[in-house]
Amino acid sequence: MFKLKNYWYLILTFLALEVVWGQDFSPQKVVYHINYGEISRINATFNNITNHLDAVGEDSIDLKVVVHGAALEYFIEAKNDLNKQITLDSLRFQNVQFLICGNTLLAYQLKRQALYEVAKEDIVQAGLPTIVALQQAGYIYVRP
């Protein structure tokens, strides 16, 4: 038999979850930093970004992702990988902007056209100075 005391624990638990899950967030400016090549880690980061967007709401967040180093290979592979295209398109559809390091493109001896759906305005000269400039402009730095 369920005791009355146990009902109170359930009610308090549900109320606590409502406070956490029903949290309203102020508008956010966030820059995610991806320079690693491990697909599982990149996918986990994209899941973090999706969860972040879901929690805050795409209209309440300005989210940029600075990509350099080995992470560039994800965008190279996406030219011929439908699953990667869907992942990138889904994030872009939610107003995520990917900023690609021009120095990394030079190191790989590639032009932006070798990457999946990267526009001219998505190329920055250097990834790390871009991250610093975004932080100076009020963006919060995240590197999962």
Side-chain angles (χ1 to χ4, degrees), residues 2 6-144:
F2 211 64
N6 291 338
Y7 283 118
W8 284 110
Y9 288 128
L10 283 174
I11 290 170
L12 290 175
T13 299
F14 285 122
L15 288 174
L17 288 175
E18 179 61 31
V19 168
V20 172
W21 286 337
Q23 186 173 358
D24 287 328
F25 293 97
S26 299
Q28 299 181 0
K29 293 172 28 173
V30 182
V31 57
Y32 277 78
H33 178 191
I34 304 177
N35 71 332
Y36 34 85
E38 301 87 5
I39 293 298
S40 62
R41 188 169 176 196
I42 291 172
N43 286 334
T45 299
F46 289 160
N47 284 336
N48 289 154
I49 291 169
T50 299
N51 291 339
H52 196 154
L53 291 164
D54 289 345
V56 176
E58 69 182 80
D59 294 332
S60 294
I61 190 166
D62 179 359
L63 198 149
K64 299 183 185 306
V65 180
V66 175
V67 177
H68 67 102
L72 186 72
E73 294 174 19
Y74 190 95
F75 288 78
I76 297 167
E77 294 167 5
K79 282 285 266 192
N80 300 308
D81 185 326
L82 184 60
N83 288 329
K84 287 182 172 91
Q85 291 174 11
I86 291 169
T87 298
L88 293 172
D89 289 345
S90 172
L91 291 169
R92 285 180 176 132
F93 183 71
Q94 296 177 83
N95 299 318
V96 172
Q97 182 184 17
F98 292 95
L99 299 172
I100 308 297
C101 176
N103 288 337
T104 302
L105 277 173
L106 288 173
Y108 275 79
Q109 299 179 354
L110 295 173
K111 297 201 181 287
R112 69 174 174 82
Q113 292 83 355
L115 309 177
Y116 177 70
E117 296 293 318
V118 173
K120 185 176 180 179
E121 59 270 10
D122 296 331
I123 305 295
V124 296
Q125 181 181 352
L128 294 176
T130 297
I131 290 170
V132 172
L134 287 168
Q135 288 178 297
Q136 290 172 326
Y139 284 75
I140 302 300
Y141 174 83
V142 179
R143 185 166 190 263

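Bear in mind that the values here come from a model prediction, so they are computed numbers and not experimental data.
Put simply, CG on Asn43 and OG1 on Thr87 are 6.5 Å apart, with the number rounded to the nearest 0.5 Å. Note that the CD atom of Gln85 and the OH atom of Tyr116 stand 4.5 Å from one another [nearest 0.5 Å]. Taking CD1 of Ile42 as the start and CG of Asn47 as the end, the distance is 12.5 Å to the nearest 0.5 Å.
A side-chain hydrogen bond (donor to acceptor under 3.5 Å, both in side chains) check over residues 66-81, counting only residues at least two apart or in different chains, returns the pairs His33-His68, Glu73-Tyr108, Glu77-Lys84, Asp81-Lys84. Pairs engaging residues 29-55 under the salt bridge (Lys or Arg N to Asp or Glu O under 4.0 Å) rule: none recorded [sequence neighbours left out].
Residues Val65 and Leu91 form no side-chain contact, since every pair of their non-hydrogen atoms from C-beta on lies 4.5 Å or further apart. Side-chain contact between Ile131 and Tyr139 is absent, with no heavy atoms from C-beta onward closer than 4.5 Å. Put simply, the side chain of Tyr36 reaches to within 4.5 Å of the side chain of Pro144, judged on heavy atoms. Counting only heavy atoms from C-beta outward, the side chains of Gln94 and Leu63 never approach each other to under 4.5 Å.
The environment of CD1 in Ile39 is crowded: more than 12 heavy-atom neighbours from other residues, nucleotides or ligands sit within 6.0 Å.
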Side chain to side chain contact (heavy atoms under 4.5 Å, CB included) between Leu99 and Leu134, intermediate numbers included:
CA-CA 11 Å; Leu99 299 172; Leu134 287 168; 4.1 Å; yes

Would you check, one step at a time, whether the test side chain to side chain contact (heavy atoms under 4.5 Å, CB included) holds for Val96 with Tyr32?
CA-CA 10 Å; Val96 172; Tyr32 277 78; over 6 Å; no

Side chain to side chain contact (heavy atoms under 4.5 Å, CB included) for Ile100 and Arg112? Distances and angles first, verdict last.
CA-CA 9 Å; Ile100 308 297; Arg112 69 174 174 82; over 6 Å; no

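Proximity of a side-chain donor or acceptor of Gln97 to a complementary backbone N or O of Lys64 within less than 3.5 Å is not detected.
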Enumerate, atom names and distances included, each donor-acceptor pair closer than 3.5 Å involving a side-chain atom of residues 117-130, sequence neighbours excluded.
residue : atom : partner : partner atom : Å
Asp122  : OD2  : Ala119  : N            : 3.0
Thr130  : OG1  : Ala126  : O            : 2.7

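Of all non-hydrogen atoms in Thr104 and Gly69, the two that sit nearest each other are OG1-N, 3.1 Å. Across Phe93 and Glu58, no two heavy atoms sit closer than the pair O-OE2, 4.0 Å.
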